[in-house]
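Notes to accompany the following structure.
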Amino acid sequence: TISFIVTNPAAAQTGVTPRMSATGSAPIKDSALPSAILAAGTAPTVTFTTKQDYESTTAQGAANTITLSLLPTTNQAVGDRITFTGLTGTQTADSASLALGGADKASFSNTGAWTKNTGT
């Protein structure tokens with residue numbers, strides 16, 4: 001991994017896709033890197049290198065701990081919101097403060113909102 005600092009364009013622009021190659025004892029053919037960068041004036045495109053979901057049980061009527069693991073390609077800012085949808089069919093009532101668990105719960109204010117009928 002290497003990094004360096006450049007100054008972004010003064011005006012908005014569409015991102016550019018960098019390319020890389022190498023010469024010498026281990027040459028690498030010219031190829032595009034995986035994402036566009038330097039899109040000044042636009043929100044960054046976030047993708048996830050990890051997206052995993054787990055549940056603690058499939059037993060009917062049992063308490064089921066849902067674990068969602070994400071690793072975004074960019075840091076999320078304070079106040080950003082991640083929304084999960086489609087978790088329908090539970091018996092859990094609507095809640096404005098659904099308790100969160102896990103090692104990173106403090107990054108999400110320790111609670112989330114839950115809407116039963118949409119599973120969101």
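Note that these values count all heavy atoms, side chains included, but never hydrogens, waters or copies made by symmetry.
Of all the heavy atoms in G61 and Q91, the pair that sits closest is CA-NE2, 3.9 Å. The two residues A62 and T57 come nearest to each other via the heavy atoms CB-CG2, 4.0 Å. Annotation for T90 and K116: closest pair O-CE, 3.2 Å, computed over non-hydrogen atoms. Smallest separation of non-hydrogen atoms from W114 and T92: NE1-O, 3.1 Å. Shortest non-hydrogen contact noted between S56 and A63 is OG-O, 4.0 Å.
Residues S31 and M20 are in side-chain contact: their nearest non-hydrogen atoms beyond the backbone lie under 4.5 Å apart. When side chains are defined from C-beta on, T83 counts as touching T120, because their heavy atoms get closer than 4.5 Å. With contacts defined as side-chain heavy-atom distances shorter than 4.5 Å, the pair Y54/S69 qualifies.
To the nearest 0.5 Å, atoms OG1 (T58) and CG (N64) are separated by 8.0 Å. Of the inter-residue distances, the one linking E55 atom CD with I66 atom CD1 reads 5.0 Å to the nearest 0.5 angstrom.
For T17, there are no side chain to side chain donor-acceptor pair (under 3.5 Å) partners, not counting sequence neighbours.
Atom CD of Q52 is surrounded by more than 12 heavy atoms from other residues, nucleotides or ligands within 6.0 Å.
For the residue pair T115 / D94, no side-chain donor-acceptor distance below 3.5 Å is found, with atom types taken as modelled.
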